[in-house]
Amino acid sequence: MSTHPTDATAELPELPLPRTRTTAPDQQGSERQGSDQQGSDRHGPEQQGQDQRDAEQRGAEPRSAGQKGGGRDRYFDLLRAVALFRVVFYHLMGWAWLPVVFPSMGVMFALAGNLMARSLARRPAPGVVRGRLRRLLPPLWLLGAVGVTGMLAAGWSPDEEGHPGWWWLHLAYWILPLSDPPYGESLPGVHGLISDGWAADMGVPLWYIRAYLWFVLLSPLLLRALRRLPWPTILAPVALSAALEFGALSVPGWRLEAQLSDFGAFGACWLLGMAHQEGVLRRLPRYVVPSLAPAVAGIGLWYTLAHDLKEGHDLDDMPFAQSLWSFAAVLLLLHISPSWSEWPAPLRRWDRLITLLNSRAVTIYLWHNVCIGIVEALWDRLWGVSWLEANAAWVLTSPWPQLPAVWLLTAACVLCFGWVEDLAARRRPRLWPDGRAAAHRA
C-alpha cells in the first residue's frame with residue numbers, strides 16, 4: 001500500500017505473495033504454512049527433520065500446531081489461491097467492495113506470518129531470513145531486468161527524479177526493496193500493444209514485496225515479543241495505524257510513512273498468523289473470536305463507509321479501516337481453520353488449479369498487472385471493428401470479456417518466468433507445477 005505522493009495506492013499481494021506461506025506472492029506461498037505429539041510418537045526426530053526438509057524442497061508447508069500428520073494444510077492453500085484470484089479480479093474490475101468481501105492482502109500476510117513462525121521454531125533466525133530472501137528476490141530481479149530495461153529503452157533517465165545521484169541510488173531498490181523501487185510513471189505505451197502507464201502497472205504493486213521483506217526481517221523480534229506479551233504485540237500495529245490516522249504521530253518523508261502505514265495496516269495480520277502457529281488463538285475461549293471479530297469488523301466498515309468508499313477510493317486508501325477490517329477477517333478465518341490434510345470432496349476437482357496458483361503465486365502477482373495493461377490496449381483496438389461497435393458495444397466496454405484474456409496472458413507469464421521460483425527454492429525448474437506429475441509418481 002505504497003504512499004508514493006505521485007501514485008494512487010494499489011493493492012497486492014494486494015502479495016500476492018512469495019512462496020513463503022503468504023501465496024506466495026513464496027506467493028512463495030505463494031510472495032505470502034509442526035507436527036503434534038502424536039506425530040512425534042510415530043516418527044523419530046531424524047525422520048521428522050527429513051520430512052520437514054523434503055516438504056520445504058517441494059514448496060510444501062508443514063502442518064499447523066495441533067494438526068495431525070505432515071504435508072500441506074490445504075485450507076491455507078485454498079485461502080491463498082482465493083486471495084490471489086481476488087487480487088487479479090480487483091485490479092481488472094476496480095470494484096471498491098471487492099477488498100471488503102475478501103481482504104486478500106491481510107490473508108496473505110497472515111499465511112506468511114504463520115509459516116515464518118513455524119520456520120523460526122525449527123531453525124536459527126539468520127538461516128530462516130536468508131531462505132525467505134532467497135525465495136523472494138529472484139522473481140523480483142527478473143521482473144526488474146525486463147521492466148527497467150524497457151523503461152530505459154523508452155526514455156526513462158536520471159532526470160525523472162531530479163538529482164541523478166538519487167536516481168541511481170534508488171535503482172538499488174530493484175535489488176533489495178527496502179523501499180519502493182522507482183519506475184517511469186509518465187512513459188508512453190506502445191500503441192495497440194500496451195497501454196500508457198505500463199511502468200506504473202509494474203511498479204505500484206511492488207509495495208507488497210517491500211512490506212513482505214520488512215516483515216521477514218523483523219519476524220525474529222516480533223516472535224520474541226509475541227511470546228512475552230501476545231495480545232499487546234498483536235494489537236500494537238492497529239494502535240500505530242490509529243496514531244497515524246488521527247495525527248498523534250507524524251512521520252517525515254513519504255518512504256518512512258509508507259513503511260509505517262503498511263505495518264500498521266497489515267502487521268496485526270502477520271502477527272495473527274504467528275499467533276496461530278504459536279497456539280495463542282487456541283488458548284482463547286471458543287466464544288471470544290465469534291463475538292469480538294464482528295464488532296471490530298463493524299467499526300472498520302463504518303469507518304470505511306464514512307470516508308466515502310467508492311471506485312478509486314477503497315480500503316487501500318484508508319489504512320486504519322484496512323487494519324480493522326483485515327484484522328477481524330483474518331481472526332475469523334484462522335479461528336475456523338479446519339486444517340485439511342486432504343481436500344473435502346467438493347474441492348477435489350480444483351486441486352490442480354489451487355496447486356498451480358500456490359506454486360506460482362509470486363510470478364502471478366508480479367506480472368498480472370502488466371498483463372491487464374496489455375489486454376486493455378489490445379481491447380481498445382477492437383473499436384476499429386465497426387460491426388462490434390454497432391452491434392455488440394458491451395463487449396468493448398465491459399471488463400468481463402477481458403478476464404479470460406488476462407488469465408491466458410498471465411498463464412503465458414507463468415510459463416516464461418515462473419521457473420525462477422523453482423530456482424529460488426532450489427528445486428528442479430518446472431513449467432507448469434500443478435501437482436499432476438507428483439500425483440503420477442505417487
Side-chain angles (χ1 to χ4, degrees), residues 1 11-17 21-22 31-33 76 79 83 99-100 102-117 207-208 210-246 248-249 258-284 288-301 303-304 315-316 318-337:
M1 199 156 50
E11 272 197 21
L12 273 292
E14 232 169 274
L15 275 38
L17 344 199
R21 215 178 199 214
T22 74
E31 277 79 202
R32 4 94 82 337
Q33 293 246 292
F76 283 178
L79 289 181
V100 176
F102 193 83
S104 290
M105 300 318 299
V107 169
M108 289 167 52
F109 281 122
L111 298 180
N114 183 281
L115 178 60
M116 194 69 187
W207 73 266
Y208 171 79
R210 180 254 301 158
Y212 180 90
L213 172 64
W214 276 107
F215 281 130
V216 166
L217 295 175
L218 293 173
S219 281
L221 295 177
L222 293 175
L223 185 58
R224 291 179 63 184
L226 181 70
R227 287 169 174 171
R228 295 191 64 181
L229 297 169
W231 286 104
T233 300
I234 293 171
L235 296 175
V238 179
L240 172 63
S241 187
L244 292 170
E245 180 73 11
F246 299 110
L249 177 65
Q259 312 280 20
L260 293 179
S261 178
D262 291 341
F263 184 84
F266 300 109
C269 296
W270 185 279
L271 287 161
L272 281 174
M274 298 182 112
H276 180 267
Q277 166 61 24
E278 290 290 300
V280 174
L281 303 185
R282 290 195 307 276
R283 293 196 289 269
L284 291 174
V288 169
V289 170
S291 302
L292 177 64
V296 175
I299 297 172
L301 183 59
Y303 194 87
T304 301
L315 279 176
D316 289 334
M318 309 176 201
F320 179 57
Q322 177 79 272
S323 68
L324 295 175
W325 184 260
S326 296
F327 172 85
V330 166
L331 189 60
L332 276 174
L333 290 170
L334 293 179
H335 174 76
I336 296 169
S337 191

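Sequential numbering from 1 along the given sequence is applied to the chain's residues. As a basis for the values below, the full set of heavy atoms in this structure was taken, side chains included, without hydrogen atoms, waters or symmetry mates.
Contact of the M274 side chain with the S219 side chain is registered, since non-hydrogen atoms from C-beta on lie closer than 4.5 Å. Annotation: side chain of H335 is not in contact with side chain of L281 (no heavy-atom distance under 4.5 Å). Between M116 and L222 there is no side-chain heavy-atom pair separated by less than 4.5 Å.
Closest approach of H276 to L334, counting heavy atoms only: CD2-O, 3.7 Å. The nearest pair of heavy atoms linking L331 to L272 is CD1-CD2, 3.8 Å. Heavy-atom minimum distance, P319 versus E245: CD-OE1, 4.4 Å. What you find for V107 and V330 is that their closest heavy atoms are N-CG2, 3.9 Å. For the pair L332 and P290, the tightest heavy-atom approach, listed with the atom from each and the gap, is CD2-CA, 4.3 Å. Nearest heavy atoms, A268 versus V238: CB-CG2, 3.9 Å.
Under a 3.5 Å cut-off, the side chain of S323 and the backbone N or O of F320 do form a donor-acceptor pair.
Atoms CG and CG, on L229 and L235 in that order, are 11.5 Å from each other to the nearest 0.5 Å. Taking CG of L79 as the reference point, atom OG of S337 lies at 8.0 Å (rounded to 0.5 Å). Here the CG atom belonging to L213 is positioned 9.0 Å from the CD atom belonging to Q259, to the nearest 0.5 angstrom. To the nearest 0.5 Å, atoms CG (L292) and CZ (F327) are separated by 6.5 Å.
Applying the ring pair (Phe, Tyr, Trp, His ring centres under 6.0 Å) test to F263 and every residue at least two apart in sequence or in another chain returns F215. For T304, the side-chain contact (heavy atoms from CB on, under 4.5 Å) test picks out L309, L315, M318, A321, with sequence neighbours left out. With sequence neighbours excluded, no residue forms a side-chain contact (heavy atoms from CB on, under 4.5 Å) with A239.
When each of S326, S241, P237 is tested with F266 by the rule side chain to side chain contact (heavy atoms under 4.5 Å, CB included), just one qualifies, namely S326. When the options L226, L284, L271 are evaluated for a side chain to side chain contact (heavy atoms under 4.5 Å, CB included) with W231, the one that passes is L284.
Ring geometry for W270 against Y212 counts as perpendicular: the plane angle is over 60°, on a 0 to 90° scale with 30° as the lower cut.
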